[in-house]
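Single-structure report; data block below.
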Amino acid sequence: MTLDLNEQQQIRRGKLDELRAGGIEPFPTRSERSHTSAEALARFEEIEEGLEGSHDPEQITVAGRVQTLRDMGRSIFSHLEDGHGQIQIYLRKNGMLEGDITWFSDYVDRGDIIEARGSLFRTRTGEVTLEVAHWTMLSKAVSPPPEKWHGLSDVEERYRRRYVDLFSNPEVREVFRTRTRMISAVRAFLDRNEFLEVETPTLQPLYGGALARPFTTFHNELEQTLYLRIADELYLKRLIVGGFERVYEICKDFRNEGVDRNHQPEFTMLEFYIAYADYETVMALVEEMVEEVTLAVKGTTEIEFDGQTVDFKTPWRRLSLADAIFEESGIDFNQHRDQQELLAKAAEAGVKLPPDTPWPKIVDELMKEFVRPKVSQPTFLVDYPVELSPLAKRQAGSELTVERFQPMAAGIELGNGYTELNDPFDQYERFQAQVAQRDAGDDETMPIDIDYVEALMYGMPPTGGFGLGIDRLAMMLAGQRSIREVILFPAMRS
RNA sequence: GGCCCGAUAGCUCAGUGGUAGAGCCGCGGACUUUUAAUCCGUGGGUCCUGGGUUCGAUCCCCAGUCGGGCCA
């Protein structure tokens with residue numbers, strides 16, 4: 001690889017070389033910054049009254065990226081941007097130390113990172129500004145930044161050069177601040193509710209806990225195939241067997257599947273488990289958590305997403321999957337337990353599926369087709385067919401339905417939770433049913449995890465659990481319709 | 001996997017079967033309180049890649065690459 005510089009880069013490179021030739025290091029080791037932009041502005045607001053229109057008697061040093069440059073020959077205005085905001089600086093030929101003004105106009109470009117020492121004052125137009133006595137180059141930018149008012153807008157370039165996207169598009173920085181505040185609020189909620197945050201394996205000898213294709217890798221010394229986790233569920237429940245009553249983990253999961261605006265191969269999941277609890281307890285906690293997190297991040301429980309106003313205020317609606325599908329499509333899947341029969345019903349309702357589509361998958365498709373797009377306000381869809389949920393416990397007295405829920409809002413699935421299956425023999429049979437489904441052509445099934453069944457044989461208390469798509473919730477709270485907009489470096493073909 | 005859309009200067013975008021356009025940007029100049037500073041002059045291109053049609057293709061056709069959207 002060679003570094004080919006375009007015309008503008010060559011000119012900046014030339015300035016860099018000239019600075020060095022003049023004895024000025026364009027990438028010095030350290031900065032002498034005394035104030036962030038925000039601190040400088042706050043300082044001036046504080047002392048302004050006593051100044052009676054004159055300059056701050058003390059000199060301070062600010063630093064940042066040159067965002068604007070208004071060169072008027074004997075005076076120059078510029079805005080420096082740091083991680084806390086912006087501050088305007090003002091250079092006046094008479095006010096400068098000897099030689100500095102020449103250096104500035106000749107060698108400073110937009111995008112350079114510089115620091116400036118001087119005194120604060122308020123300009124005629126009312127902006128708090130640093131009048132510069134001396135400035136220093138901190139890092140010469142060889143590549144010019146994007147246009148100043150459109151920023152970088154080409155989405156491909158924005159994702160591939162996220163650093164440029166971030167420094168030139170303030171609203172993008174805000175999206176990721178929102179995401180981080182959201183995760184902090186989730187942690188605060190769980191920590192306060194006495195959950196133990198834990199770490200379980202990313203590299204797993206057997207994948208499980210979800211229906212998805214895994215990434216496969218190989219450990220040379222162990223001489224064994226390992227999988228990147230598609231979920232951490234089975235490990236967290238082993239910890240419940242181990243005696244922890246409330247555990248959670250926020251981690252990356254990996255699924256070797258399609259990429260679209262709701263899916264990325266690498267995404268962030270929250271899972272938590274509560275011993276001596278069932279899915280009712282969990283739902284109550286989930287709605288409380290999301291309400292609190294939204295309030296913490298947005299200052300209100302209402303958000304705008306995809307043209308809808310969604311209010312996360314508790315309590316959320318509960319709606320059984322069977323009722324929801326029946327209401328929207330007229331199909332009662334419990335009356336059509338036969339695969340071909342349900343397939344025909346689906347076709348009648350306008351949903352064409354391959355003839356070998358497994359029965360549980362047809363139910364899932366009916367939900368996605370008829371129910372999900374209609375769910376605007378936060379809703380728990382509850383009580384799923386057992387075939388869709390091999391790790392969930394049956395409802396008392398029911399052979400067909402498990403205690404499972406999915407929270408949805410604005411047509412998006414936010415997560416998945418259930419009363420955990422703790423009968424080792426039932427669990428073993430469910431795993432076997434998965435194998436049978438795989439043999440029948442379903443390519444999204446779980447392998448048998450005997451070690452997990454053995455863990456259950458030591459006894460797991462009644463437990464409720466939940467998994468939340470962190471990226472999905474971040475999308476909603478940041479008002480972004482694509483998951484790529486809430487992942488700093490989304491997967492891209494190279 | 002199928003269909004549709006896009007790719008032109010560092011950035012944001014126009015445009016055309018016959019020497020490639022604007023604004024920002026850069027460079028040179030004027031300007032000592034500007035806010036997308038202003039004014040004068042000027043520079044910058046593998047028009048995504050490879051084939052084809054044509055006297056001539058950035059443009060039309062075919063294939064591909066990357067990105068986006070819709071569908072499965």
Side-chain angles (χ1 to χ4, degrees), chain A residues 3-15 18 53-55 66-81 85-96 100-102 104-112 118-132 141-165 167-170 257-264 306 346-347 350-357 361-362 364-365 368-369 373 443-444 480-485 490-494:
Chain A
L3 275 179
D4 292 325
L5 302 186
N6 64 38
E7 183 200 21
Q8 297 200 31
Q9 290 171 321
Q10 284 176 25
I11 288 165
R12 285 165 175 250
R13 175 68 205 261
K15 292 177 183 177
E18 282 178 43
S54 64
H55 282 46
V66 175
Q67 288 286 26
T68 61
L69 207 46
R70 293 178 292 281
D71 184 345
M72 288 173 291
R74 288 180 180 76
S75 70
I76 300 172
F77 284 92
S78 171
H79 277 98
L80 299 189
E81 184 162 306
Q86 285 197 341
I87 185 164
Q88 180 168 259
I89 62 171
Y90 170 55
L91 298 91
R92 201 161 56 96
K93 192 148 200 177
N94 295 350
M96 299 291 301
D100 273 353
I101 188 76
T102 313
F104 196 95
S105 55
D106 287 350
Y107 296 113
V108 176
D109 293 300
R110 277 187 69 241
D112 290 354
S119 55
L120 294 165
F121 74 110
R122 194 179 284 278
T123 64
R124 205 179 280 169
T125 49
E127 181 162 357
V128 176
T129 299
L130 186 87
E131 180 163 351
V132 178
V142 179
S143 297
E147 202 195 338
K148 55 187 133 184
W149 58 87
H150 292 104
L152 187 66
S153 63
D154 180 83
V155 289
E156 183 171 356
E157 282 298 298
R158 287 185 45 235
Y159 300 152
R160 290 190 191 278
R161 300 180 195 258
R162 184 67 95 179
Y163 44 93
V164 179
D165 188 29
F167 77 66
S168 53
N169 298 323
E257 299 184 335
V259 175
D260 63 30
R261 66 182 188 164
N262 289 315
H263 297 87
Q264 275 275 302
D306 202 8
V351 182
K352 299 268 186 283
L353 295 166
D356 60 346
T357 308
K361 190 128 187 152
I362 301 173
D364 199 41
E365 291 298 328
K368 287 177 178 166
E369 177 69 23
D443 55 3
E444 285 191 347
Q480 297 298 320
R481 292 215 304 255
S482 169
I483 194 170
R484 299 177 197 96
E485 294 293 345
M492 302 280 278
R493 205 185 295 259
S494 51

Stepwise, does the salt bridge (charged side-chain N to carboxylate O under 4.0 Å, His left out) test hold for A:K352 with A:E365?
-> CA-CA 10 Å; A:K352 299 268 186 283; A:E365 291 298 328; over 6 Å; no

Could you give the distance separating B:rC13 and B:rG2 at their C1' atoms, to the nearest angstrom?
-> 31 Å

Starting at CE of A:M72 and ending at P of B:rU38, how long is that distance when rounded to a whole Å?
-> 11 Å

Nearest-Å distance for atom pair OH/C1', residues A:Y163 and B:rC11 | 14 Å

Proximal nucleotide (of B:rC27, B:rU34, B:rU12) relative to the A:L152 side chain | B:rU12

If we take the C1' atom in both B:rC24 and B:rU19, what is their distance in whole Å?
-> 26 Å

With a non-hydrogen cut-off below 4.0 angstrom, is A:Q88 in contact with a base, only sugar-phosphate, or nothing?
-> base

Across the strands shown, which category fits A:E127 at heavy-atom distances under 4.0 angstrom: base, sugar-phosphate, nothing?
-> base

Among all residues two or more places apart in sequence or in another chain, which pass the ring pair (Phe, Tyr, Trp, His ring centres under 6.0 Å) test with A:H79?
-> none

Interface polar pairs with nucleotides 22-24 of chain B, N/O, under 3.5 angstrom:
| unit_1 | atom_1 | unit_2 | atom_2 | d |
| --- | --- | --- | --- | --- |
| B:rG23 | N2 | A:E147 | OE1 | 3.0 |

For B:rU33, does either OP1 or OP2 sit under 4.0 Å from a side-chain N or O belonging to A:S75?
-> no

Rounded to whole angstrom, note down the P distance from B:rG52 over to B:rG44.
-> 32 Å

Atom CG of A:L69 and atom P of B:rU38 are separated, to the nearest Å, by 13 Å

Residues which pass salt bridge (Lys or Arg N to Asp or Glu O under 4.0 Å) with A:E18, listed by chain and number, not counting sequence neighbours | none

Can you tell me how far C1' in B:rA63 sits from the matching atom in B:rG28, rounded to whole Å?
-> 48 Å

Separation of the P atoms in B:rG6 and B:rG26, to the nearest angstrom | 32 Å

Does a side-chain N or O from A:R74 land closer than 4.0 Å to OP1 or OP2 of B:rU32, or not?
-> yes

Answer yes or no: is there a side-chain heavy-atom contact under 4.5 Å between A:L152 and A:N169?
-> yes

With A:E369 via salt bridge (Lys or Arg N to Asp or Glu O under 4.0 Å) - residues at least two apart | none

Does B:rU38 have a Watson-Crick or wobble mate here (both distances under 3.5 Å), and if so which one?
-> B:rA30

Below 4.5 Å, heavy atoms only, C-beta onward: do A:P490 and A:R162 meet side chain to side chain?
-> yes

Who is the Watson-Crick or G-U wobble partner of B:rU19, with both distances under 3.5 Å?
-> none

Taking a pair to mean Watson-Crick or G-U wobble geometry with both distances below 3.5 Å, B:rC59 pairs with none

Please list, chain by chain and in numerical order, all residues satisfying side chain to side chain contact (heavy atoms under 4.5 Å, CB included) with A:K93, sequence neighbours excluded.
-> A:R74, A:I101

Between A:E131 and A:P144, which has a closest nucleotide on RNA chain B that is more 5'?
-> A:P144

Reading nucleotides 64-72 of chain B from the 5' end, what letters show protein touch, with B for base, S for backbone sugar-phosphate only, - for no heavy atom under 4.0 Å?
-> --SSSSS--

Do A:Q264 and A:V259 have side chains that get closer than 4.5 Å, going by heavy atoms?
-> yes

Base, sugar-phosphate, or nothing for A:K15, non-hydrogen atoms under 4.0 angstrom?
-> sugar-phosphate

Reading 5' to 3' through nucleotides 40-45 of chain B, protein heavy-atom contacts under 4.0 Å coded B for base, S for sugar-phosphate only, - for none = ---BS-

Once you apply the 3.5 Å cut-off to both distances, tell me the Watson-Crick or G-U wobble partner of B:rG64, or none.
-> B:rC48

Can you tell me the distance, in whole Å, between the CG atom of A:D71 and the P atom of B:rC27?
-> 11 Å

With a 3.5 Å cut-off and just heavy-atom distances, do the side chain of A:R124 and the base of B:rU33 make a donor-acceptor pair?
-> no

B:rA20 and B:rG29: how far apart are their P atoms, nearest whole angstrom?
-> 31 Å

Rounded distance (Å) that lies between atom C1' of B:rA37 and atom OH of A:Y90 | 14 Å

OP1 or OP2 of B:rC13 under 4.0 Å from side-chain N/O of A:S153 = yes

A:R92 side chain N/O closer than 4.0 Å to the phosphate oxygens (OP1, OP2) of B:rU32?
-> no

For B:rG10, the Watson-Crick or wobble counterpart (both distances under 3.5 Å) | B:rC24

Using heavy atoms to find the nearest nucleotide of RNA chain B for A:F77 and A:G151 separately, return the residue whose nucleotide is more 5′.
-> A:G151

Could I get the full list of ring pair (Phe, Tyr, Trp, His ring centres under 6.0 Å) partners for A:Y90, not counting sequence neighbours?
-> A:F77, A:F121

Please determine, by modelled atom types, if A:E257 and A:H263 share a side-chain donor-acceptor pair under 3.5 angstrom.
-> no

Listed nucleotide nearest any side-chain atom of A:T123, set B:rC11, B:rU33, B:rA37 = B:rU33

With sequence neighbours excluded, what pairs up with A:R13 under the side-chain hydrogen bond (donor to acceptor under 3.5 Å, both in side chains) test?
-> A:D17

Interatomic distance where CG belongs to A:N6 and C1' belongs to B:rC27 [whole Å] = 14 Å

Considering only heavy atoms and no angle criterion, is a donor-acceptor pair shorter than 3.5 Å present between the side chain of A:S78 and the base of B:rU34?
-> no

B:rG18 and B:rC60: how far apart are their P atoms, nearest whole angstrom?
-> 12 Å

Ring pair (Phe, Tyr, Trp, His ring centres under 6.0 Å) filter on A:F167, not counting sequence neighbours, yields none

Determine the Euclidean distance between corresponding P atoms of B:rA7 and B:rG17; express it in Å to zero decimal places.
-> 16 Å

Salt bridge (Lys or Arg N to Asp or Glu O under 4.0 Å) partners of A:R161, counting only residues at least two apart | A:E157

Taken to the nearest 0.5 Å, the spacing of A:D4 CG from A:Q9 CD works out to 9.5 Å

What pairs with A:D356 under salt bridge (Lys or Arg N to Asp or Glu O under 4.0 Å), at least two apart in sequence or on another chain?
-> none

Measure the distance from CZ on A:F121 to P on B:rU32 and round it to the nearest whole Å.
-> 16 Å

To the nearest Å, give me how far apart CG (A:L120) and C1' (B:rU33) are.
-> 16 Å

